[in-house]
Amino acid sequence: MDRGQWSKIPIHLSLIIGGVAAITPFLWMVSTSLKLPPEALKFPPSLLPHLPQWANYLEAWREAPFARYFLNTIFVSSSVVCSVLFTSALAAFAFSWLEFKGREALFVGFLSMMMVPMVVYLVPSYIILYKLKWLDTYWALIIPWGANVFSIFLLRQHFKTIPRDLYDAAIIDGCSPFGFLWRVVLPLSKAVLVTVALFSLIGSWNSFMWPLVVTNSDKMRVIQVGLANFSQESGTRWTLLMAASTFCVAPLLLVFFFAQKKIISSFARSGLKE
Amino acid sequence: MKVSGYRKRLSPLFYLLPALVIIIAFRLLPILYSFFVSFFEWKLKRGAFVGLGQYKTLLHDPIFWKSLLNTAYFVLGTVPTSLLLSLFFAVLLNQRIRAMGAYRTTFFLPVITSLVAVSMVWKWIYHPRLGLANFLLGLIGIKPLGWLNEPTGIFKLTANSIGLSIPNWLGGPSLALVAIIIMSVWKGLGYNIVLFLAGLQNIPKQLYEAARIDGAGPFRSFRRITWPLLSPTTFYVLLMTTIVSFQVFTQIYLMTGPPVGGPQGTTKVIVYYLFEKGFDAGFDRGYASAIALVLFSIILSLTLLQRKLVERKVHYG
């Protein structure tokens with residue numbers, strides 16, 4: 001190492017302290033999940049399990065219908081992602097390429113919806129879902145989240161960067177506006193579409209308060225509500241609760257490890273004001 | 001010709017329709033509807049029109065004020081801490097260091113994991129008898145704390161430990177609420193770091209070169225270059241963290257109690273109170289709507305106020 005790197009040792013030290021603080025709870029979760037119950041109730045605690053108890057995972061999995069919770073979550077999340085991609089691509093196309101009266105005003109109206117916190121529309125949405133007889137169904141989990149302003153905004157910003165000449169050339173060649181969207185705009189927007197998909201996936205997978213309120217039967221529970229419910233039933237059996245927590249975060253962590261650059265840069269971009 | 005003109009005028013509507021229907025039905029309509037609901041006695045079904053009655057009750061509801069105070073404590077504890085820590089780490093990460101990506105990924109882990117799972121983990125960490133937190137405190141010679149079970153304010157706890165006595169109303173947020181604050185800062189830190197890092201990378205490197213040639217040290221160039229040019233990001237982070245903190249719910253719901261909001265109601269926050277009134281116990285949709293709208297107006301006015309106060313000092317571009 002040259003002198004420049006040596007002088008950076010205090011920086012690395014601070015970052016390592018921060019990094020350890022960020023990761024310790026996860027290590028503690030996994031460590032506890034592999035202990036025998038008496039070992040978990042020891043104080044001072046052992047940092048690592050004496051003998052890893054992989055069977056804890058199986059036991060936790062069997063204690064509650066986690067398979068059902070997972071299937072529900074996978075179904076709901078993938079439906080939300082598909083729906084968001086579909087509705088946002090169409091709307092963003094209209095807002096960036098089609099001319100119509102009141103376009104800008106309508107877009108500003110859309111944007112103002114972004115400012116409204118979820119708790120504000122939670123109670124009335126519940127009443128609306130009740131009247132639609134959608135409570136405790138997949139509809140209540142999917143449809144209200146099937147479109148969102150932020151995704152429309154992100155896609156519109158990108159669609160606007162596509163040169164006008166392409167559109168004119170496509171129309172002259174007999175392409176319809178929809179054909180232009182499908183054959184030219186979307187293939188040129190893969191990166192942003194992936195960003196939108198990842199945001200919706202993470203949001204949908206991790207959402208808790210909404211599914212907690214709009215579902216109540218065990219067969220409609222998504223993984224987050226199922227885990228919360230399990231924590232009440234498991235009581236003081238911390239090894240099982242930690243095992244369940246681990247397998248509930250595992251799928252998204254896996255996605256994160258494969259797409260971390262993409263995910264982090266998407267989140268970073270979400271803060272840039274245009 | 002007439003047909004095609006008709007189609008041309010209608011076609012944007014077809015593209016907008018799917019998004020428009022959902023956003024009107026599940027965003028715009030509910031917002032307007034919540035005003036309507038809040039003007040009625042509305043338990044399971046709509047009852048008598050009470051005008052501003054719900055809001056009047058709210059003003060005289062001590063639990064509402066208490067939960068507002070707890071929320072304010074939470075926001076004041078979370079926002080500045082998160083802002084300073086994330087700025088600190090982002091500046092360090094921006095120093096062209098090795099393994100920058102690995103550090104960034106590590107800091108980001110809590111952001112994408114579910115709040116439900118990490119609430120479980122932190123509840124276990126805070127366990128008064130068996131938890132990791134008390135174990136670590138023990139290593140540096142500090143007596144075990146009650147964490148989520150401790151209703152005493154932290155100012156009072158600190159004063160007591162050095163032999164002073166202060167009145168309860170000056171006690172500050174309970175240790176239980178502070179435990180939630182620590183966990184919430186941990187959860188959101190990585191996102192703010194990434195936002196700051198993006199802002200820092202937009203600052204032209206030549207400015208620092210020039211400052212160095214002019215003999216400016218790292219602190220001076222931070223104060224004169226980084227801080228002013230980073231201000232749009234700082235403003236955005238401040239705003240978003242504030243808005244999100246006001247809506248804290250999941251951690252409170254899963255980590256405190258029983259009953260939720262305990263010990264002694266010191267962690268009962270406004271969104272939990274809304275949930276309790278509207279869904280969990282009261283089924284009082286009218287009252288819950290009134291709480292939601294009051295919360296909304298607080299968030300909205302704080303947003304506008306922050307914008308007014310800060311934007312004059314923000315340098316764009």
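Residue numbers begin at 1 in each chain, while the letters A, B, ... track the order of the sequences. Only a predicted model underlies this, so the values are computations on that prediction, with no experimental measurement involved.
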Contact class of [X] relative to chain A, heavy atoms under 4.5 angstrom:
X      : result
B:F135 : both
B:Q247 : side chain
B:L130 : both
B:L28  : both
B:K187 : neither
B:F249 : side chain
B:V118 : side chain
B:F196 : neither
B:V121 : both
B:L109 : both
B:F36  : neither
B:T303 : side chain
B:L254 : side chain
B:A25  : backbone

Output the option from B:G101, B:G131, B:S38 having the highest count of non-hydrogen pairs under 4.5 Å with chain A.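 Sorted descending by pairs with chain A, the first entry is B:G131.
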
Can you tell me which portion of [X] sits under 4.5 Å from chain B's heavy atoms? Options are side chain, backbone, both or neither.
X      : result
A:T24  : side chain
A:V249 : side chain
A:A89  : neither
A:L90  : both
A:L198 : neither
A:Q260 : side chain
A:I16  : both
A:I202 : side chain
A:P10  : neither

With a 4.5 Å heavy-atom cut-off, do [X] and [Y] have their side chains touching?
X      : Y      : answer
B:F296 : A:V119 : no
B:F107 : A:L15  : yes
B:F246 : A:P117 : no
B:T113 : A:L253 : yes
A:I152 : B:I23  : yes
A:V213 : B:F275 : yes

Just by distance, do the side chain of A:N206 and the backbone of B:L115 share a donor-acceptor pair under 3.5 Å?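 A pair under 3.5 Å: no.
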
Between A:K8 and B:R96 (side chain of the first, backbone of the second, donor and acceptor by atom type, cut-off under 3.5 Å), is there such a pair? yes

Using 30° and 60° as the class limits, which term best fits the ring planes of B:W186 and A:F26: parallel, tilted or perpendicular? tilted

Would you call the rings of A:F267 and B:F108 parallel, tilted or perpendicular, taking 30° and 60° as the class edges?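 Perpendicular.
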
Heavy-atom pairs under 4.5 Å with chain B are the metric here; pick the option from [options] that has the most.
options                      : answer
A:V149, A:V20, A:L47, A:V123 : A:V123
A:P44, A:A40, A:P45          : A:P45
A:P25, A:G19, A:S125         : A:P25

Quick one: side chain to side chain donor-acceptor pair (under 3.5 Å) partners of B:W124, sequence neighbours excluded?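 Here the qualifying residues are A:T32.
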
Which residues pass the salt bridge (charged side-chain N to carboxylate O under 4.0 Å, His left out) test with A:R221, not counting sequence neighbours? A:D218

Might you work through the ring pair (Phe, Tyr, Trp, His ring centres under 6.0 Å) test for A:F178 and B:F14, ending with a clear yes or no? CA-CA 11 Å; A:F178 182 78; B:F14 284 120; over 10 Å; no

So which atom in A:M242 and which in B:M120 form the shortest heavy-atom distance, rounded to 0.1 Å?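 Nearest pair, atom of A:M242 first, then B:M120: CE-O, 3.6 Å.
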
